[in-house]
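For reference, the structure is listed below as structure tokens.
Worth saying up front: this structure is predicted, and the values here are computed from it rather than measured.
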Amino acid sequence: MRMSQLLLPTEREAPADAQALSHILGVRAGLIRQLGAGLWTWMPAGWRVHQKIEQIIREEMDSIGGQELLMPLIQPRELWKKTGRDQIDEIFSLSDRKGTELVLAMTHEEAVTFHVSQLVRSYRDLPLILYHFQLKGRDEPRPRAGVLRTREFIMKDSYSFDRDEAGLDERYALHIEAYDRIFERSGLEWYRVESDVGVMGGSGAHEYMAPCPAGENEVALAPGYAANVEVASAEPTTAVLPDRLDAPVEQATPGAKTIEQVAALLELDPSALLKSFAVVTDAGETVLAIVRGDHRVNEFKLRAALGQNFRPATDEEITDQIGPAGFIGPVGVEITVLLDDAVAGTEGGWVTGANSADAHLRGVEPGRDFEFTAADIRSVEAGDVVGGNPIRLEAAIEVGNIFKLGTRYSEPLGATFLDEDGAERPIVMGSYGIGPARIAAAAIEQNADEKGIAWPKAIAPWSVELVALGKVGSAEVAAAETLYGELRELGLEVLFDDRDAGPGEKFADAEMLGCPLRITLGKRSLESGVLEVQGRRGLVELDPIPLGPDSAELIRATLAQLP
RNA sequence: CGGGGCGUGGCGCAGCCUGGUAGCGCACCUGCUUUGGGAGCAGGGGGUCGGAGGUUCGAAUCCUCUCGCCCCGACCA
């Protein structure tokens with residue numbers, strides 16, 4: 001590609017509203033442009049990156065027997081009513097001129113299951129893996145960070161269809177293999193972590209996480225362990241508890257409502273306190289969830305423990321049913337108490353709210369002083385231990401997920417088959433997503449420096465940027481033209497900077513765009529007989545390449561050494 | 001949905017408080033010079049100041065409403 005003909009809108013300054021590195025550099029390097037909130041155009045260079053990522057995904061999906069098709073973005077709302085997902089807040093709704101209600105698909109479970117329900121009749125038709133690359137529409141409450149969270153984005157989503165759970169396990173394992181290879185080939189640093197299966201149920205789920213500062217998720221990592229903090233479990237650090245007492249003793253704590261205030265007032269470590277969090281379940285029951293003072297309630301785990309969704313209780317409800325807000329605790333209350341495992345297994349004199357104003361209780365013991373059900377309902381903290389090793393927490397972008405759906409969609413949509421015995425059974429499904437745009441964003445975040453992007457070779461918009469210095473029509477530019485032709489002959493993807501511009505501008509643009517290898521050919525090259533070679537990653541000067549008939553071949557060999 | 005911020009040429013910004021000819025840098029166009037780290041000189045083009053209404057002799061500036069965008073939080077099947 002000749003740069004003189006390329007629409008590559010680079011910018012010297014960052015857009016004023018950009019925060020995330022991938023957002024700033026994506027715009028500055030001319031890869032993406034914004035059309036509206038969460039609506040992004042991929043400019044030619046950026047689209048090349050996207051397509052390269054798609055191609056890697058396509059090859060790996062095909063290698064596990066996936067079949068590519070394409071399903072519509074616009075879908076009848078009726079279909080979504082059948083699975084109940086038409087009630088989701090994030091769904092984009094529209095209607096046509098006849099008044100037919102339509103939605104923009106957020107994912108394609110409904111569509112693919114609809115087709116499979118019509119087309120698959122027998123166990124002989126299974127298993128099946130179908131996938132496509134298609135836009136998703138999501139009315140996100142808060143789009144952010146460039147292409148990281150948008151209202152419209154392309155996803156590779158695949159769906160597996162099996163006769164039973166064992167078949168699903170096989171298809172799931174195949175996807176793990178394919179996904180591992182996809183992220184490895186993309187050149188990302190990544191983790192496969194255990195993830196929340198959500199209210200919808202499902203028998204298993206993993207997420208692929210790419211650590212980077214702009215990430216919206218947190219992963220808990222230890223040698224041999226990786227999980228989303230939403231579901232991570234670990235052994236807690238030891239609580240610093242005062243001695244046991246024979247019975248709880250009331251202690252005046254005027255005005256001290258927070259853990260910090262109470263701990264400071266009583267000169268105790270926050271871990272000696274019990275934090276009481278009142279919630280109301282969808283069924284209308286008020287439940288007191290209790291964790292250690294230095295721990296935080298994990299809403300995903302709490303939801304799992306309750307078996308249903310919940311909301312925090314209002315101050316009125318707390319005052320009404322438990323005690324004055326800020327001074328509540330489990331002793332003497334009539335409601336269900338869910339006690340975190342980190343507390344349930346210990347002995348000592350805990351401190352908790354006395355359910356009367358300006359007072360706490362010391363020397364409280366679970367079991368002796370209040371009844372409870374134990375559950376793991378806290379979020380892990382850095383320093384907690386898994387398998388003898390302390391965990392650390394890292395911000396990450398979710399770049400892919402795999403999910404065992406079971407019969408969540410096949411049952412409401414009537415996707416069944418006849419087994420060998422002639423019995424009709426629901427198809428067992430899995431769904432598997434990857435966001436190519438997020439892979440691109442993660443690659444930018446993980447490999448950027450002060451000069452710009454440093455793409456992994458596999459997804460760089462071009463492998464080589466050939467920078468010609470000198471006036472248009474000069475001998476050096478003529479030599480660069482020749483070399484450009486030779487590189488293309490070899491099948492290399494070359495961006496040829498043939499613009500009538502100064503060297504500073506060309507070098508700066510090359511380093512911003514971040515092709516793995518930069519070849520410079522100027523007057524100096526003609527005099528010395530060698531090309532200058534720079535590896536973008538780390539901005540390293542590589543061995544010069546003699547200018548001559550073998551230049552292109554040597555450049556290809558040099559490129560092969562790069563990451 | 002709660003909190004905060006911002007809308008002035010393609011990008012980044014000043015002007016607004018205290019109403020009076022819309023400005024700066026970069027980018028762009030023409031010519032000449034220049035070509036190894038974002039060039040120099042000269043000339044030039046481009047903006048209903050997000051939109052609507054109001055106050056006023058006069059509004060980018062003051063008032064009201066509204067739309068859009070960003071950030072933090074909530075949310076994220």
Between [atom2] of [N] and [atom1] of [X], the distance in whole Å:
X        : N     : atom1 : atom2 : answer
A:Leu521 : B:G37 : CG    : P     : 16 Å
A:Arg144 : B:C71 : CZ    : P     : 7 Å
A:Asp497 : B:G38 : CG    : P     : 15 Å
A:Arg499 : B:A39 : CZ    : C1'   : 15 Å
A:Leu526 : B:U35 : CG    : C1'   : 14 Å
A:Asp500 : B:U34 : CG    : C1'   : 10 Å
A:Lys451 : B:G38 : NZ    : C1'   : 10 Å
A:Leu148 : B:C70 : CG    : P     : 13 Å

So what does [X] hit on the nucleic acid, given a heavy-atom distance under 4.0 Å: a base, only sugar-phosphate, or nothing?
X        : answer
A:Gly470 : sugar-phosphate
A:Arg138 : nothing
A:Ala14  : sugar-phosphate
A:Glu90  : sugar-phosphate
A:Ala20  : nothing
A:Thr10  : nothing
A:Asp89  : nothing
A:Pro15  : sugar-phosphate

Open item on the list: Strictly distance-based, threshold 3.5 Å: is any side-chain N or O of A:Arg151 a donor or acceptor partner for the main-chain N or O of A:Arg138?
Closed with: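 A pair under 3.5 Å: no.
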
- [ ] Without swapping roles, check the side chain of A:Arg536 against the backbone of A:Ile453 for a donor-acceptor pair under 3.5 Å.
- [x]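 Yes: the side chain of A:Arg536 pairs with the backbone of A:Ile453.
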
Task: Residue met sooner reading RNA chain B from 5', once A:Met106 and A:Gln19 are mapped to nucleotides - done: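 It is A:Gln19, whose closest nucleotide lies nearer the 5' terminus.
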
Task: Upstream residue (5' side of RNA chain B) when A:Thr107 and A:Met512 are each assigned their closest nucleotide - done: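 Upstream on the strand: A:Met512.
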
Between [N] and [M], how many Å separate the two [atom1] atoms, rounded to a whole number?
N     : M     : atom1 : answer
B:A14 : B:A60 : C1'   : 12 Å
B:U66 : B:G7  : C1'   : 14 Å
B:G40 : B:U35 : P     : 14 Å
B:U61 : B:G51 : P     : 10 Å
B:A59 : B:G53 : C1'   : 13 Å
B:G9  : B:C28 : C1'   : 11 Å
B:G44 : B:C6  : P     : 37 Å
B:C41 : B:G47 : C1'   : 27 Å

According to the Watson-Crick and G-U wobble definitions, with both distances under 3.5 Å, which nucleotide is paired to [N]?
N     : answer
B:A59 : none
B:U64 : B:A52
B:C41 : B:G31
B:G23 : B:C13
B:U18 : none
B:G73 : B:C1

Lys/Arg N to Asp/Glu carboxylate O, [X] vs [Y], below 4.0 Å:
X        : Y        : value
A:Glu381 : A:Arg296 : yes
A:Glu299 : A:Arg303 : yes
A:Glu505 : A:Arg12  : no
A:Glu90  : A:Lys136 : no

- [ ] Return no unless some side-chain N or O of A:Arg33 is found under 4.0 Å from OP1 or OP2 of B:C11.
- [x]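 For A:Arg33, the contact criterion (side-chain N or O under 4.0 Å from OP1 or OP2 of B:C11) is not met.
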
Task: Distance test, side-chain N/O of A:Arg142 to OP1/OP2 of B:C72, below 4.0 Å - done: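 Checking A:Arg142 against B:C72: at least one side-chain N or O falls below 4.0 Å of OP1 or OP2.
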
Open item on the list: Once hydrogens and angles are ignored, does a donor-acceptor distance under 3.5 Å link the base of B:G37 to the side chain of A:Glu511?
Closed with: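 Under the 3.5 Å cut-off, the side chain and the base do form a donor-acceptor pair.
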
Hydrogens and angles aside, do [X] and [Y] bring a side-chain donor and acceptor to less than 3.5 Å of each other?
X        : Y        : answer
A:Asp157 : A:His132 : yes
A:Arg85  : A:Tyr409 : yes
A:Asn228 : A:Ser195 : no

Could you work out which one of [options] sits closest to the side chain of [X]?
X        : options             : answer
A:Gln534 : B:C26, B:G37, B:U34 : B:G37
A:Arg12  : B:A27, B:A77, B:G12 : B:A27
A:Ala508 : B:G38, B:A77, B:G25 : B:G38

Open item on the list: So if I apply the side-chain contact (heavy atoms from CB on, under 4.5 Å) rule between A:Thr10 and each of A:Asp509, A:Val27, A:Leu513, which one comes out positive?
Closed with: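 Of A:Asp509, A:Val27, A:Leu513, side-chain contact (heavy atoms from CB on, under 4.5 Å) with A:Thr10 is met by A:Asp509 alone.
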
Task: Considering all heavy atoms, the nearest A:Ser158-A:His175 contact - done: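 Taking A:Ser158 first and A:His175 second, the nearest heavy atoms are OG-NE2, 2.9 Å.
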
What N/O pairs connect the protein and nucleotides 66-69 of chain B at under 3.5 Å? Give each pair on its own line.
{"unit_1": "B:C69", "atom_1": "OP1", "unit_2": "A:Ala37", "atom_2": "N", "d": "2.8"}
{"unit_1": "B:C69", "atom_1": "O3'", "unit_2": "A:Gln34", "atom_2": "NE2", "d": "3.4"}

